[in-house]
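A note on names: the letters A, B, ... follow the listed sequences, proteins ahead of strands, and every chain is numbered from 1. Remember, it's a predicted structure, so these values are computed and weren't measured experimentally.
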Number of protein chains: 2
Amino acid sequence: MLQLVRSLGLHKPDETPCGQPVSIGEAHALLEIAREPGMTQNGLAARLHLEKSTISRLAGLLEGRGWVRRVRDDRDARFIRLQLTRRGVTAHANIAASRSAKFNRIFDAIPADRRNDVVQALSVLLEVTRDT
Amino acid sequence: MLQLVRSLGLHKPDETPCGQPVSIGEAHALLEIAREPGMTQNGLAARLHLEKSTISRLAGLLEGRGWVRRVRDDRDARFIRLQLTRRGVTAHANIAASRSAKFNRIFDAIPADRRNDVVQALSVLLEVTRDT
DNA sequence: ACTACTTAGTTGTATCCTCGAACCATCGTG
DNA sequence: CACGATGGTTCGAGGATACAACTAAGTAGT
């Protein structure tokens with residue numbers, strides 16, 4: 001399992017060789033914001049298992065790239081809601097595409113009769129680890 | 001898959017809550033040296049997908065902890081062979097134990113009738129990604 | 001209302017890990 | 001013996017993260 005992680009190259013913050021070089025944290029953030037628009041920074045921190053200070057900086061960075069909009073909540077001005085901008089949406093799409101390209105290469109290397117098993121197993125594993 | 005990585009908490013360099021706090025790089029290095037004693041630093045760099053400079057420091061760090069011995073090769077004095085010391089072996093054992101404890105918790109959470117599938121799938125996945 | 005507690009986010013400081021480039025030592029070859 | 005290749009080390013820089021101190025905004029108890 002350790003070896004798997006290493007083989008996948010989760011070391012350097014370049015990770016996805018897409019249009020723009022994106023750190024792993026940014027990619028995950030984009031993914032989560034896309035999945036749940038209007039998410040607060042704290043919520044994102046919880047999802048990513050990161051400190052709120054880290055998220056604050058990360059959000060600022062994404063805002064700086066023009067990928068994310070930070071808007072104060074009307075009801076409760078403490079909250080900052082995160083949304084993808086138009087450019088953010090396309091950026092996320094690009095990243096997702098290059099990611100699936102990468103995984104497709106791996107997937108293709110798996111014997112055809114095992115592919116289903118692997119996918120099933122991973123989703124089981126994900127389910128289990130999600131709430132640990 | 002991304003989510004899986006995140007769920008496993010591969011973020012902060014504490015990782016394995018064993019006796020001594022060990023960075024993820026150190027843990028992997030220990031694992032590889034244990035697997036193949038007498039490995040050179042360059043060899044380790046290749047295994048871990050890290051720069052030789054990084055390995056140099058890492059090796060120095062492990063040597064500083066008294067876990068690794070660095071010996072010049074007799075035949076070719078350019079090589080430095082890496083070996084675990086006695087303490088290094090026990091340290092590696094501790095880390096491995098805490099790691100499997102962690103994975104056992106995950107494993108236990110997997111429905112019993114799926115466990116075998118998951119293990120099989122992971123080994124297939126590892127095989128495939130190893131040489132990518 | 002007033003005060004105290006909680007919550008969301010920001011900023012500052014420190015640490016850790018990594019890379020790239022410049023450098024040294026050693027080996028092999030013509 | 002000079003030259004290029006190979007293994008390691010050192011130096012400087014950058015990125016990501018945590019923790020702690022701080023501000024701002026809401027909430028609850030009195």
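Distance CG (N42(A)) to C1' (dG26(D)): 14 Å, rounded to an integer number of Å. The interatomic distance linking I55(B) (CD1) with dT18(C) (C1') rounds to 11 Å, in whole Å. Put simply, CD1 on I80(A) is 13 Å from C1' on dT7(C), counting in whole angstrom units. When rounded to the nearest whole Å, the span between CG of L44(B) and P of dT6(D) equals 20 Å. If you take NE2 of H49(A) and C1' of dA16(D), they are 17 Å apart, rounded to a whole angstrom. In this structure, L48(A) atom CG and dT17(D) atom P are separated by 8 Å, rounded to whole Å. Between the P atom of dC16(C) and the CG atom of L61(B) lies a distance of 9 Å, rounded to the nearest Å. Counting to the nearest Å, the C1' atom of dT10(C) and the CD atom of Q41(A) are 9 Å from each other.
Residue whose closest nucleotide on DNA chain D sits further toward the 5' end, between K52(A) and G25(A): G25(A).
Checking the phosphate oxygens (OP1, OP2) of dT10(C), a side-chain nitrogen or oxygen of S56(A) falls inside 4.0 Å. For dC17(C), one of the phosphate oxygens OP1 or OP2 lies less than 4.0 angstrom from a side-chain nitrogen or oxygen of S23(B). Look at S53(A) and you won't find any side-chain N or O under 4.0 angstrom from OP1 or OP2 of dA18(D).
Checked against salt bridge (Lys or Arg N to Asp or Glu O under 4.0 Å), R69(A) has no partners two or more places apart in sequence or in another chain. Residues satisfying the side-chain contact (heavy atoms from CB on, under 4.5 Å) test with E36(A), not counting sequence neighbours, are M39(A), R47(A). The side-chain contact (heavy atoms from CB on, under 4.5 Å) test applied to T90(A) returns no partner, not counting sequence neighbours. Residues satisfying the salt bridge (Lys or Arg N to Asp or Glu O under 4.0 Å) criterion with E51(B), sequence neighbours excluded, are absent altogether.
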Can you give me every donor-acceptor pair (side chain of residues 78-86 of chain B, partner residue at least two apart or in another chain, under 3.5 Å) with its distance?
from: R78(B); atom 1: NE; to: D76(B); atom 2: OD1; distance (Å): 3.0
from: R78(B); atom 1: NE; to: D76(B); atom 2: OD2; distance (Å): 3.4
from: R78(B); atom 1: NH2; to: D76(B); atom 2: OD2; distance (Å): 2.7
from: R81(B); atom 1: NE; to: D73(B); atom 2: OD2; distance (Å): 3.2
from: R81(B); atom 1: NH1; to: G38(B); atom 2: O; distance (Å): 3.0
from: R81(B); atom 1: NH2; to: D73(B); atom 2: OD2; distance (Å): 3.0
from: T85(B); atom 1: OG1; to: G66(B); atom 2: O; distance (Å): 2.6
from: T85(B); atom 1: OG1; to: W67(B); atom 2: O; distance (Å): 3.3
from: T85(B); atom 1: OG1; to: R87(B); atom 2: N; distance (Å): 3.4
from: T85(B); atom 1: OG1; to: G88(B); atom 2: N; distance (Å): 2.9

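A distance of 12.0 Å separates CG of L48(B) from CD of Q41(B), quoted to the nearest 0.5 Å. Atom-to-atom distance recorded for I95(B):CD1 and H92(B):NE2 is 7.0 Å, nearest 0.5 angstrom.
Non-hydrogen atoms lying under 4.0 Å from DNA chain C are contributed by R75(B), D76(B), A77(B), R78(B), all within residues 69-78 of chain B.
You'll find a donor-acceptor pair under 3.5 Å spanning the side chain of R57(A) and the base of dG12(C), going by distance alone.
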